[in-house]
Amino acid sequence: MSRIILTGIKPTGMPHLGNYIGAIQPALELTKDSSVTSYLFVADYHSLTTVHDAEALSRMIHQVSAAWLACGLDPKKTIMYRQSDIPELFELNWILSCMTPKGLMNRGHSYKALIQANREAGRRNTESGINMGIYNYPVLMSADILLFSTDEVPVSEDQEQHLEITRDIAVKFNHTFNTDILKPPKTLVKTKLLPGLDGEKMSKSKGNHIPLFCSSKELKKIIMKIKTDSSSPSEPKDPEKSILFSIYKAFGSTEQTKALADKYRRGIGWGEVKEFLYLLLEEHLSEKRKVYESLMNNPNTVNSILKEGAKKAREKAQTLMSQIRKTIGIDSL
Ligand code: ADP
Ligand code: TRP
């Protein structure tokens with residue numbers, strides 16, 4: 001049976017290793033199945049919640065699109081588009097907002113984390129710096145998913161709550177209008193979060209990330225910054241407690257990972273582990289990096305793929321949108 005998969009990445013910088021392991025690679029793996037219809041998009045309007053620099057946004061949209069393609073997205077098989085090119089999403093965003101209890105948004109993890117950060121910083125106004133885009137973020141994300149009747153959304157654990165909200169909103173809409181027009185996404189492909197240089201979740205906003213396509217020299221320099229403990233090379237080490245090992249494991253084969261785990265237990269110097277990690281990442285990324293760089297120098301190639309993708313995605317979106325309009329009582333005249 002045909003399945004529909006969909007996922008998006010916010011253009012807030014060049015994608016990092018966590019985005020690759022958590023979203024790009026699992027999504028591309030799913031597209032290999034010929035019975036899958038895949039929508040992979042650049043969530044540019046989601047970035048607008050935090051990016052207010054036109055030149056930077058434009059550059060980052062290009063970086064994320066080029067990264068998808070360099071990692072193997074085949075535009076003949078997959079529909080790749082910019083969220084902003086599908087106006088129906090923003091129409092559905094409004095409709096879904098009117099079905100969403102405000103209390104559901106109050107419980108959003110990202111929103112609550114910002115309130116908490118304000119509290120910890122001692123600010124009297126705990127809503128300081130939080131715009132309505134941030135607050136409504138999960139509704140737009142629900143529109144992204146529901147407008148394409150998505151079955152599966154490959155994302156990491158951090159997006160799980162957004163998927164739950166999407167299901168809640170779909171069920172509420174269907175119940176309200178006595179319909180089953182919106183399909184709650186059934187399966188969630190969950191990937192464990194990759195740690196960053198400091199052991200926290202790797203994230204662009206935390207500045208602890210390893211960019212997917214920085215130069216080989218820069219990659220080496222960043223790997224050197226990964227936090228380790230002060231144990232000496234001969235001391236046995238627990239691989240499961242090591243940031244370096246977690247990143248290695250995400251990229252290495254079972255044999256490679258096991259071999260390194262054995263070395264940890266026998267005792268190995270951190271410098272040597274860093275060299276192993278560097279070589280492994282180079283093995284995975286050096287060819288892709290070349291494609292990425294060439295696409296960055298050829299914006300027209302990327303733009304025409306995005307345009308073509310938007311055309312196909314819009315056709316799908318318009319069909320469901322007209323049914324949704326009818327369902328809520330807005331018939332075509
Ligand atoms: P960031 O947190 O760096 O801003 P995004 O929020 O744009 O990244 O995430 C895009 C995708 O990458 C999502 O599917 C998310 O689950 C995944 N992702 C982000 N950070 C990580 C990580 N550290 N490990 C695994 N997956 C991640
Ligand atoms: N919220 C996702 C993130 O921060 C990005 C995103 C937007 C997304 N819309 C989506 C992911 C729809 C999957 C499906 O990573």
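Here the structure is a predicted model, which means the values were calculated and not measured. Numbering of ligands and ligand atoms starts at 1, following listing order. All heavy atoms count here, side chains included; hydrogens, waters and symmetry mates do not.
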Out of all atoms in ligand 2, which are within 4.0 Å of some heavy atom of [X]? Include the element for each.
| X | value |
| --- | --- |
| Y137 | 1 (N), 2 (C), 3 (C), 4 (O), 5 (C) |
| K10 | 4 (O) |
| T7 | 11 (C), 13 (C) |
| F41 | 9 (N), 10 (C), 12 (C) |

For ligand 1, the portion of D158 having any non-hydrogen atom under 4.0 Å away: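 It is the side chain that gets close, since no backbone atom is under 4.0 Å.
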
Backbone or side-chain N or O of Q83 under 3.5 Å from ligand 2 N or O: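 So ligand 2 has no N or O lying under 3.5 Å from an N or O of Q83.
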
Taking 4.0 Å as the limit for heavy-atom contacts, which would you say applies to [X] with ligand 2: side chain only, backbone only, both, or neither?
| X | result |
| --- | --- |
| F148 | neither |
| V153 | side chain |
| I145 | side chain |

[atom]: nearest protein contact (heavy atom, Å):
| atom | value |
| --- | --- |
| atom 8 (O) of ligand 1 | N19 ND2, 3.2 Å |
| atom 9 (N) of ligand 2 | D144 OD2, 2.7 Å |
| atom 26 (N) of ligand 1 | S156 OG, 2.6 Å |

So if I count the atoms of ligand 1 from 1 in the order they appear, which ones are less than 4.0 Å from some heavy atom of V155?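 Reading through ligand 1 atom by atom, the close ones are 14 (O).
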
Of all the atoms in ligand 1, which lie at a distance below 4.0 Å from a heavy atom belonging to Q159?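 Counting atoms of ligand 1 from 1, those under 4.0 Å from Q159 are 16 (O).
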
Given H162, M141, H46, Q159, which one has a non-hydrogen atom that is nearest to atom 3 (C) of ligand 2?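 The option holding the nearest heavy atom is Q159.
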
Going by heavy-atom distance to atom 21 (C) of ligand 1, choose the closest among G196, A23, G18.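 Comparing heavy atoms across G196, A23, G18, the nearest one to atom 21 (C) of ligand 1 lies in G18.
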
So is there a nitrogen or oxygen of [X] less than 3.5 Å from a nitrogen or oxygen in ligand 1?
| X | value |
| --- | --- |
| K192 | no |
| H16 | yes |
| P154 | no |

With V153, which of I4, T166, I145, D144 fulfils side-chain contact (heavy atoms from CB on, under 4.5 Å)?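 Filter result, single survivor: I145.
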
